[in-house]
Asks: 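After the structure tokens below, expect a handful of questions from me.
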There are 2 protein chains.
Amino acid sequence: MSAVQTHWLDPEQQADWRAYLVGSTLLMDTLDRELRQAHGISLGEYEILVRLSEMPGRTLRMAEIAASMRHSRSRVTHTVTRMEKAGLIRRETSPDDKRGVDATMTDQGWSLLTAAAHTHVTGVRAHFVDLAERADFTAMGRVMNAVSDQLVAENPTFDDIRDH
Amino acid sequence: MSAVQTHWLDPEQQADWRAYLVGSTLLMDTLDRELRQAHGISLGEYEILVRLSEMPGRTLRMAEIAASMRHSRSRVTHTVTRMEKAGLIRRETSPDDKRGVDATMTDQGWSLLTAAAHTHVTGVRAHFVDLAERADFTAMGRVMNAVSDQLVAENPTFDDIRDH
DNA sequence: TCCTGTTAGTTGAATGCTCAACTTCAATAG
DNA sequence: CTATTGAAGTTGAGCATTCAACTAACAGGA
């Protein structure tokens with residue numbers, strides 16, 4: 001039997017980890033609330049609009065949305081269903097693969113995005129980007145990229161553990 | 001009328017911000033899932049146990065739990081209610097202030113924490129701490145502390161905008 | 001003492017997310 | 001060409017979180 005020793009965090013690492021947890025809670029809550037109050041959409045919905053806006057034809061497959069946000073396919077289905085009801089997105093079966101579904105941003109979605117982008121970017125600056133040294137912010141980006149890379153490498157799609 | 005110009009993020013900032021969003025989603029989901037599967041508690045519940053374990057008497061007022069985690073009081077009430085049902089926490093009216101409620105970790109809570117801590121710390125290392133240069137991790141801690149400080153300064157308790 | 005405002009905490013409805021089961025279609029192995 | 005396996009997406013139940021309304025208790029002044 002192998003000894004199951006825990007390699008604890010030292011006090012500094014512990015403090016940084018806790019700062020991350022608390023800061024993230026606060027930051028996400030704030031950005032989400034700002035978008036909801038000003039434009040009636042959540043941060044997650046906003047991020048979907050951003051991704052659609054970057055595509056030619058403002059269209060993306062459901063699975064691609066899920067993959068790029070690392071959300072479960074189920075979650076994306078629920079969110080897009082709501083957004084479709086709100087008139088921000090149109091959905092239609094993909095012509096080349098009848099299993100697939102293309103989500104397309106409507107004009108209404110586009111104009112909402114245009115308005116919401118100001119609120120969002122201003123918030124991200126005020127509560128995050130402009131608070132830090134450029135180098136520190138870059139370092140954080142490096143860390144978070146490493147996190148994604150590692151977790152994605154370990155688990156190509158995540159569907160097997162998160163969806164079914 | 002003042003011009004409402006948006007100060008957009010440059011491509012690098014945008015990439016770092018997106019890395020943060022995606023990485024956080026992945027990291028939180030993973031740590032939460034690992035704790036749930038191994039011990040049947042969420043990351044939020046785990047964090048409450050940690051905070052209680054650090055107090056003499058393993059006791060903390062509800063409001064203090066909420067403040068230290070930056071969760072809404074309502075959320076803490078719901079979570080603690082569940083944990084009490086599960087036998088991890090005991091709740092009783094505070095002797096000095098009859099409005100207050102003291103949450104105390106039970107022995108069962110303590111032994112669960114003992115077991116879960118290994119899972120948690122191992123996960124935090126594997127998916128986060130050990131992936132980054134020490135200096136980068138410290139930088140990230142600095143950024144997240146700045147985030148907390150700024151948002152807390154702007155909004156001493158958050159109860160006025162989040163609860164109530 | 002009583003009135004007002006504030007703080008602590010709870011409640012329940014509405015909303016959003018997760019999880020597992022399911023349908024439909026595609027790919028490919030025989 | 002068909003039988004199996006895998007992929008894309010949806011569904012609904014259950015659970016967690018938010019939001020607004022509420023009760024109870026303290027605090028401080030008139």
Side-chain angles (χ1 to χ4, degrees), chain A residues 25-26 28-37 40-48 60-67 69-86 89 91-103 156-164, chain B residues 25-26 28-37 40-48 60-67 69-86 89 91-103 156-164:
Chain A
T25 302
L26 224 37
M28 291 304 164
D29 280 10
T30 302
L31 292 175
D32 189 67
R33 194 173 338 102
E34 285 175 353
L35 273 179
R36 279 182 200 282
Q37 289 179 349
I41 55 169
S42 70
L43 182 55
E45 289 164 352
Y46 173 83
E47 285 293 319
I48 290 182
L60 220 39
R61 285 278 292 269
M62 296 296 282
E64 293 175 316
I65 297 176
M69 306 217 296
R70 303 281 160 204
H71 283 181
S72 69
R73 281 177 303 160
S74 172
R75 181 173 177 177
V76 172
T77 294
H78 286 301
T79 307
V80 168
T81 300
R82 265 177 274 133
M83 296 174 80
E84 194 176 28
K85 241 172 243 166
I89 284 182
R91 230 185 320 197
E92 52 194 48
T93 304
S94 188
D96 43 306
D97 181 345
K98 283 176 192 162
R99 291 171 302 178
V101 171
D102 287 330
T157 66
F158 278 86
D159 285 3
D160 49 332
I161 51 172
R162 198 161 58 179
D163 252 41
H164 163 80
Chain B
T25 301
L26 223 38
M28 291 304 162
D29 280 10
T30 303
L31 292 176
D32 189 68
R33 194 175 337 102
E34 286 176 352
L35 273 178
R36 279 182 199 283
Q37 289 179 350
I41 55 169
S42 69
L43 182 54
E45 289 164 351
Y46 173 83
E47 284 293 319
I48 291 181
L60 219 39
R61 286 278 291 269
M62 296 295 283
E64 293 175 316
I65 297 175
M69 306 218 296
R70 303 282 160 204
H71 283 180
S72 69
R73 279 175 296 140
S74 173
R75 180 173 178 177
V76 173
T77 294
H78 285 301
T79 308
V80 168
T81 299
R82 263 176 275 132
M83 296 174 79
E84 193 176 27
K85 239 172 245 166
I89 284 182
R91 231 186 321 198
E92 51 194 49
T93 305
S94 187
D96 43 307
D97 181 346
K98 284 176 191 164
R99 291 170 304 179
V101 172
D102 288 331
T157 65
F158 279 87
D159 285 3
D160 49 332
I161 52 173
R162 197 161 59 180
D163 250 43
H164 177 73

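Throughout, a chain's letter reflects where its sequence line sits, starting with A, and its residues are numbered from 1. In this text the structure is predicted, and so the values were computed from the model without any measurement.
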Asks: Taking only residues two or more places apart in sequence or in another chain, which ones pass side-chain contact (heavy atoms from CB on, under 4.5 Å) with B/Asp32?
Replies: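 If we apply the side-chain contact (heavy atoms from CB on, under 4.5 Å) test to B/Asp32, skipping adjacent residues, the hits are B/Arg36, B/Ser42, B/Leu43.
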Asks: Measure the distance from CZ on A/Arg73 to C1' on C/dA21 and round it to the nearest whole Å.
Replies: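 That distance rounds to 13 Å.
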Asks: Taking the nucleotide of DNA chain C with the nearest heavy atom to each, does A/Ser42 or B/Ala63 sit closer to the 5' end?
Replies: B/Ala63
Asks: Which heavy atom in B/Pro95 sits nearest to a heavy atom in B/Asp102, and how many Å separate them?
Replies: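 Looking at all heavy atoms of both residues, the shortest contact is CD-OD2, 3.6 Å.
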Asks: Before giving the answer on side chain to side chain contact (heavy atoms under 4.5 Å, CB included), spell out for A/Glu45 and A/Ile48 the whole-Å C-alpha distance, their side-chain angles and the decisive distance to 0.1 Å.
Replies: CA-CA 5 Å; A/Glu45 289 164 352; A/Ile48 290 182; 5.7 Å; no
Asks: Measure across B/Ile89 and B/Ala103 and return the closest heavy-atom pair with its distance rounded to 0.1 Å.
Replies: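 For B/Ile89 versus B/Ala103, the nearest heavy atoms are CG2-CB, 4.0 Å.
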Asks: Of all residues at least two apart in sequence or in a different chain, which pass the side chain to side chain donor-acceptor pair (under 3.5 Å) check with A/Arg91?
Replies: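 Partners of A/Arg91 under the side chain to side chain donor-acceptor pair (under 3.5 Å) test: A/Thr81, A/Glu84.
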Asks: Let's go through B/Thr25 and A/His71 carefully: what are the C-alpha distance in whole Å and the side-chain angles of both, what is the deciding distance for side chain to side chain contact (heavy atoms under 4.5 Å, CB included) to 0.1 Å, and is it a yes or a no?
Replies: CA-CA 8 Å; B/Thr25 301; A/His71 283 181; 3.7 Å; yes
Asks: Using whole Å, report how far CZ of A/Arg70 lies from C1' of C/dC17.
Replies: 19 Å
Asks: Given atom CD of A/Glu84 and atom C1' of D/dG9, what is their separation to the nearest angstrom?
Replies: 13 Å
Asks: Take atom CE of B/Met83 and atom C1' of D/dT17, then tell me their distance rounded to the nearest Å.
Replies: 16 Å
Asks: From the options D/dT10, C/dA8, D/dT18, select the nucleotide whose nearest atom is closest to the side chain of B/Ser72.
Replies: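 Between D/dT10, C/dA8, D/dT18, the one nearest the side chain of B/Ser72 would be D/dT18.
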Asks: Would you indicate what A/Thr79 reaches in the nucleic acid, counting non-hydrogen atoms under 4.0 angstrom: base, sugar-phosphate, or nothing?
Replies: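 Sugar-phosphate: the residue A/Thr79, judged by heavy atoms under 4.0 Å, touches backbone atoms but no base.
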Asks: Identify the pairs formed between an N or O of the protein and an N or O of nucleotides 12-16 of chain D at a distance under 3.5 Å, and give each distance.
Replies:
residue: D/dG12; atom: O6; partner: A/His78; partner atom: NE2; Å: 3.0
residue: D/dA16; atom: OP2; partner: B/Arg82; partner atom: NE; Å: 3.4

Asks: Would you please name every residue forming a side-chain contact (heavy atoms from CB on, under 4.5 Å) with A/Glu64, sequence neighbours left out?
Replies: A/Leu60, A/Arg61
Asks: With nearest nucleotide decided by heavy atoms, which residue, A/Asp32 or A/Gly100, maps closer to the 5′ end of DNA chain D?
Replies: A/Gly100
Asks: Could you tell me how far apart B/Met28 (CE) and C/dG16 (P) are, to the nearest whole angstrom?
Replies: 22 Å
Asks: What pairs of nitrogen or oxygen atoms, one from the protein and one from nucleotides 23-26 of chain C, lie under 3.5 Å apart?
Replies:
residue: C/dA26; atom: OP1; partner: A/Lys98; partner atom: N; Å: 3.2
residue: C/dA26; atom: O4'; partner: A/Arg99; partner atom: NE; Å: 3.4

Asks: Are any of A/Arg33's side-chain N or O atoms less than 4.0 Å away from OP1 or OP2 of D/dT18?
Replies: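 Answer no for this pair, as no side-chain N or O of A/Arg33 is under 4.0 Å from OP1 or OP2.
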Asks: Find the distance B/Arg61:CZ to C/dT10:P and express it as a whole number of Å.
Replies: 11 Å
Asks: Specify the separation, in whole Å, of atom CG of A/Leu60 and atom C1' of D/dA8.
Replies: 14 Å
Asks: By salt bridge (charged side-chain N to carboxylate O under 4.0 Å, His left out), which residues pair with A/Glu47, not counting sequence neighbours?
Replies: A/Arg51
Asks: Please report the closest heavy-atom contact between B/Met69 and B/Gly44, naming both atoms and the distance.
Replies: CE-O, 4.1 Å
Asks: Give the rounded distance in Å between these two atoms: CG of A/Asp29 and C1' of D/dC19.
Replies: 13 Å
